[in-house]
Amino acid sequence: MPKGTQRWEPSPGIRMCNGRLPDGTPQPLYYPDDHPVSPGLFKGMAQILHECGLFPTNRNLKAQCGNSLSKCPPGQSVCCCRRILYNQVDFKEQKLLLQELYESAGHLCLYYPKFHCELNFIEQYWGNAKYRYRETPLTTNDKEMIDNMRDCLDTILRWNR
Ligand SMILES: [Zn+2]
């Protein structure tokens, strides 16, 4: 492990998947369990960059410029370990765990761009469902209320097909 490297460990039982070396072979991000010094521990950003041949040999590199990538100087691509890793193809292509889970179940995972939450599709859906529910006959029967609510939600789904 390079001098000055900090150790970071994810929650127990949760491990990041392998990266990829420049030649395309998998790059484990953790030392092997039989490693003499750091068995099973996260290698750290500097070690990962060394293995990829991306760690600058002519100077030291800080772990990160601040608490987020936005703290890196504008236009810099080699200011810190975090920025260099962020720009690597295997890191860029890595999907979120939640997205991988959805897609493995055969679903499509869409992310909306950041905008006001009231413009989100689900708000239009809920708004329409509430409107339709207000049009249903009044009742104090729980089963009828649940049935009316389900009918309203189903009507919107049928209408959108
Ligand atoms: Zn930086």
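Counting starts at 1 for both ligands and their atoms, following the listed order.
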Between side-chain atoms of residues 102-110 and protein atoms elsewhere (two or more places apart, or another chain), which donor-acceptor pairs fall under 3.5 Å?
residue : atom : partner : partner atom : Å
Glu103  : OE1  : Lys95   : NZ           : 2.8
Glu103  : OE2  : Gln99   : NE2          : 3.1
Ser104  : OG   : Glu100  : O            : 3.3
Ser104  : OG   : Leu101  : O            : 2.8

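A parallel orientation is assigned to the rings of His50 and Phe55, their planes being inclined by less than 30° (bins at 30° and 60°).
Residues Ser77 and Arg83 share a closest heavy-atom pair of O-CG, 3.6 Å.
Heavy-atom neighbours of Leu98 CG from other residues, nucleotides or ligands within 6.0 Å: above the threshold of 12.
Distances shorter than 2.8 Å separate the Zn ion (ligand 1) from the protein N/O/S atoms Cys65 SG, Cys72 SG, Cys79 SG, Cys80 SG.
Side-chain contact annotation: Asp23 with Thr25, donor-acceptor N/O pair under 3.5 Å present.
How far CD of Gln94 is from CG of Asn18: 10.0 Å, rounded to the nearest 0.5 Å.
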